[in-house]
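Report on the structure given below.
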2 protein chains.
Amino acid sequence: MEIVYDQHEKHFVALDCIIFGFDQQELQLLLIKRGFEPEQGNWSLMGGFLKRDESIDEGAERILETLTGLTSVYMEQLYAYGEVRRDPVARTLSIAYYALIRTDQYNKDLADSHNARWFPVSQRPDLIFDHNDMVEKALARLRRRARTQPIGFELLPEKFTIPQLRSLYEAINNQPLDHRNFSKRLNSMEWLVKLNEKDKGSSRKGAFYYQFDQDLYQKLVQEGSSFDLK
Amino acid sequence: MEIVYDQHEKHFVALDCIIFGFDQQELQLLLIKRGFEPEQGNWSLMGGFLKRDESIDEGAERILETLTGLTSVYMEQLYAYGEVRRDPVARTLSIAYYALIRTDQYNKDLADSHNARWFPVSQRPDLIFDHNDMVEKALARLRRRARTQPIGFELLPEKFTIPQLRSLYEAINNQPLDHRNFSKRLNSMEWLVKLNEKDKGSSRKGAFYYQFDQDLYQKLVQEGSSFDLK
DNA sequence: GCAAAAGTGTTCACACTACACCCATGC
DNA sequence: GCATGGGTGTAGTGTGAACACTTTTGC
């Protein structure tokens, strides 16, 4: 059957992952040091080639798992990069995905074995090929998404405090937020579940833990309410 | 040099175009009737295969030009589709693009020769493969973009009236707009240039023509102002 | 003079912003 | 008792939504 397409050319298709994390201070990026030419020794995104028997989503998940050991992670397709000479070795398309992971849950040994390291996004090194473009686009996308969809929680532990969440949003948008207004907005969100437990890590008084109620959120969305968190 | 990638598989890469137009009444979609198997006789998006010596953007432009004769059209990459069996003939990725064209400017003979036809988006036929998904995603993207970027003008003639523009926005969002509020908002936009000329086509009184001042808009954006048109 | 669409102004309510004070606790 | 971060309340302002009337012109 494939014969009818045989007049057309085939292409290498890579998948590159922009992996974001949060260390309670700054937004972080997981990068790998290339162990092979070209660009050996330089930093790049984690990537790999698409296989015949996997969808592109599956391919991206496989690559993320190879580096971090994680599955069931928030991941979203970012953009397809297809300049003719973007890869100097051979014509290769790349479909970029970005992922949000919890920095305390990935497999450090795996990451080490790939020479991976976390960098604060604000101090990331120059990357190979068009990977800098990818990171910038991912950042822009993350900023927009964090505003309109409840994805920030993917970067925090299950239980988090409001100051932690605020700190995350400050890191994502790289600007300070008024803590009273932020709390006020959050407290008006029905899907935010207050727990009877405090985090004493960052203050004497302690801050209450909260959880995101995914099910309730879904229900509220279906009823027409929407997420908007500046 | 290509040898280092030879262990990896190559893939067919298609480009599919969601082509939007506006007939002053409804948002339209340019579709083609398949002249070959599989799915012969069914409706689909205009598509084609990526060539070795063109970028994916160039490929999408080529395919649009093949059908419409148009170049320099507003086009944006939408999404990459890569389910393993999305194309029953052979494993083929598709990168979808959407385009906004002026329905009075395309080459009708070319379109006819491809068995193309305009459909109101609300009455579009069922499409082959995953093309329905593509159209839905394109519609969602168009709605969002039209709000935050001045791309609606791409669907109107150079000179347009405020009622025309409103009608376009009503068509895009499929909901009526208050004409006083719409005018008020528009009139507060500096980049809207009022001409000394009226369109008498749709009323006795006639409506003034306007133009979009691209240069001024760019300048205003750089000064930090932003576009927001509900 | 009347029908049909274009154009303009006002009011109201809500949401966002800015801003200041009290609370709980460990040392 | 004091320093540190957590938590709450209020007043002012600007933006968006609702809504009604006048204008122009061809017939």
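Letters go in sequence order (proteins before strands), and every chain restarts at 1.
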Report task. Find the distance A/N181:CG to D/dT10:P and express it as a whole number of Å. Result -> 14 Å
Report summary line: Of A/S183 and B/G206, the one whose closest nucleotide on DNA chain D sits nearer the 5' end is A/S183
Report task. Begin from the C-alpha positions of B/Y81 and B/D16 and carry the test side-chain hydrogen bond (donor to acceptor under 3.5 Å, both in side chains) through to its verdict. Result -> CA-CA 10 Å; B/Y81 291 80; B/D16 286 304; over 6 Å; no
Report summary line: When rounded to whole Å, the CG to C1' distance for the pair A/L186 and D/dG9 reads 17 Å
Requested in this report: Could you tell me the separation between the CZ atom of A/F182 and the P atom of D/dG7, rounded to a whole number of Å?
Outcome: 12 Å
Query - Side chain to side chain, A/L177 and A/Y169, heavy atoms closer than 4.5 Å - result: yes
**Report entry** OP1 or OP2 of C/dA6 under 4.0 Å from side-chain N/O of B/S202
**Finding:** yes
Query raised in the report: In terms of side-chain heavy atoms of B/R204, which of D/dA17, D/dT25, C/dT8 is nearest?
Result: D/dT25
**Report entry** Pair A/R62 + A/E58, salt bridge at N-O below 4.0 Å
**Finding:** no
**Report entry** A/K184 side chain to A/N187 side chain, donor-acceptor N/O pair below 3.5 angstrom
**Finding:** no
Requested in this report: Please state how far atom NZ in A/K205 lies from atom P in C/dG26, giving the value in whole angstrom units.
Outcome: 13 Å
Report task. Using a cut-off of strictly less than 4.0 Å, decide whether A/R180 has a side-chain nitrogen or oxygen near OP1 or OP2 of C/dT17. Result -> no
Report task. Check the angle between the aromatic planes of B/Y217 and B/W191 and answer parallel, tilted or perpendicular using the 30° and 60° thresholds. Result -> perpendicular
Query raised in the report: So which of residues 156-178 of chain B are in contact with DNA chain D, with a heavy-atom cut-off of under 4.0 Å?
Result: B/D178
Query raised in the report: Between C/dT8, C/dT17, D/dC19, which nucleotide has the shortest distance from any of its atoms to the side chain of B/N187?
Result: C/dT8
Query raised in the report: C/dA5 C1' sits how many Å from B/H179 NE2, rounded?
Result: 9 Å
Query raised in the report: Of A/K184 and A/S203, whose closest DNA chain C nucleotide lies nearer the 5' terminus?
Result: A/K184
Query raised in the report: Rounding to a whole Å, what distance do you find between A/D228:CG and C/dT17:P?
Result: 10 Å
Query raised in the report: If you check the A/A207 side chain, which of C/dA18, D/dG6, D/dT23 turns out closest?
Result: D/dG6
Query raised in the report: Between A/R185 (CZ) and D/dG7 (C1'), how many Å, whole number?
Result: 16 Å
**Report entry** Pair A/R180 + A/D178, salt bridge at N-O below 4.0 Å
**Finding:** yes
Report task. Provide, to the nearest angstrom, the distance between the NZ atom belonging to A/K200 and the C1' atom belonging to C/dG26. Result -> 9 Å
Query raised in the report: With B/R204, which residues qualify under side chain to side chain donor-acceptor pair (under 3.5 Å), at least two apart?
Result: none
